Novice: 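So that we are looking at the same thing, I have put the structure below in structure tokens.
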Amino acid sequence: QVQLVESGGGSVQAGGSLRLSCAASPDRHSTDCVGWFRQGPGKAERQGVAAIDGRTGTTYYANSMKGRFTISQDKSKNTVYLQMNSLNPEDTAMYYCAAGCSAYGGSWLRGLKYTSWGRGTQVTVSS
């Protein structure tokens, strides 16, 4: 199991930016597969936001996040970041980091892809 700790959430006004961090346990494979998900207020399911294949640097984004969100990694720190720009109130949600490559061979933006989850960090965007 990969241990994950998210940070960087907070309250911002519409149009603002935040950078979320996901610090993974110090294992050489802990960031091979990392995804960011979010669960908005009253929503039953978590939505895939962005993901990164830590081995190749390949990134994946949900369509509504392309151009606004950027996922990146710092291998020396075992940390994955989610830079979020042009935030709007619809981005208000609890944001979760997921890691650990499962046997699931489908979309990187599905929770089935990962074996471990963090506890989340709250992002609130006001209009």
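Because the structure is a prediction, the values reported are computed rather than measured. Scope of the values below: all heavy atoms of this structure, side chains included, with no hydrogens, waters or symmetry mates.
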Novice: Indicate the atoms forming the closest heavy-atom contact of Ser126 with Pro89, along with that distance.
Specialist: C-CG, 4.4 Å

Novice: Of the non-hydrogen atoms in Asp32 and Cys101, which two are nearest, and what is the gap between them?
Specialist: CB-SG, 3.7 Å

Novice: I want to check something: taking the side chain as every heavy atom from C-beta on, are Pro41 and Met94 in contact at a cut-off of under 4.5 Å?
Specialist: no

Novice: Once side chain to side chain donor-acceptor pair (under 3.5 Å) is applied, do any residues pair with Thr79, and if so which ones, sequence neighbours excluded?
Specialist: none

Novice: Please identify each residue that fulfils side-chain contact (heavy atoms from CB on, under 4.5 Å) with Thr56, with sequence neighbours left out.
Specialist: Asp53, Thr58

Novice: Could you give all pairs that pass the ring-ring contact (aromatic ring centres under 6.0 Å, His included) test and reach residues 46-83, with sequence neighbours left out?
Specialist: Tyr60-Trp108

Novice: Atom CD of Gln83 and atom CG of Leu20: how far apart are they, to the nearest 0.5 Å?
Specialist: 8.5 Å

Novice: Within the side chain of Ser25, is there an N or O that forms a donor-acceptor pair under 3.5 Å with the backbone of Asp27?
Specialist: no

Novice: Other than Val2, what residues sit in its cluster of Ile, Leu, Val, Met, Phe, Trp and Tyr side chains whose heavy atoms are under 4.5 Å apart, directly or through others?
Specialist: Leu4

Novice: Mind checking what makes side-chain contact (heavy atoms from CB on, under 4.5 Å) contact with Val12, not counting sequence neighbours?
Specialist: Leu18, Leu87, Val125

Novice: Which of these, Thr59, Thr31, Asn78, sits in a side chain to side chain contact (heavy atoms under 4.5 Å, CB included) with Gln73?
Specialist: Thr31

Novice: Please check this pair: side chain of Ser102 against backbone of Leu112, looking for a donor-acceptor N/O pair closer than 3.5 Å.
Specialist: yes

Novice: Please list all pairs passing the salt bridge (charged side-chain N to carboxylate O under 4.0 Å, His left out) test where one or both residues lie in residues 74-85, with sequence neighbours left out.
Specialist: none

Novice: Scan residues 94-103 for pairs that pass salt bridge (charged side-chain N to carboxylate O under 4.0 Å, His left out), counting only residues two or more places apart or in two chains.
Specialist: none

Novice: Under the rule for side chain to side chain donor-acceptor pair (under 3.5 Å), what residues qualify as partners of Arg110, not counting sequence neighbours?
Specialist: Tyr104

Novice: Taking the side chain as everything from C-beta on, heavy atoms only, tell me whether Ser72 gets closer than 4.5 Å to Ile52.
Specialist: no

Novice: Once rounded to the nearest 0.5 Å, what's the spacing between atom CD of Glu90 and atom OG of Ser127?
Specialist: 9.0 Å

Novice: How long is the span from the CD atom in Gln122 to the OH atom in Tyr95, to the nearest 0.5 Å?
Specialist: 9.0 Å

Novice: Closest approach of Leu82 and Ala50, non-hydrogen atoms and distance?
Specialist: CD1-CB, 4.0 Å

Novice: Tell me, please, which residues at least two apart from Gln3 pass side chain to side chain donor-acceptor pair (under 3.5 Å).
Specialist: none

Novice: Quick one: which residue pairs count as a side chain to side chain donor-acceptor pair (under 3.5 Å) with a foot in residues 6-18, not counting sequence neighbours?
Specialist: Ser17-Asn85

Novice: Only pairs at least two apart or in different chains count here, so list each ring-ring contact (aromatic ring centres under 6.0 Å, His included) that has a residue in residues 10-45.
Specialist: Phe37-Tyr114, Phe37-Trp117

Novice: So, the side chain of Gln47 versus the backbone of Gln39: is there a donor-acceptor pair under 3.5 Å, distance only?
Specialist: no

Novice: Using the salt bridge (Lys or Arg N to Asp or Glu O under 4.0 Å) criterion, which residues pair with Asp91? Sequence neighbours excluded.
Specialist: Arg38, Arg68

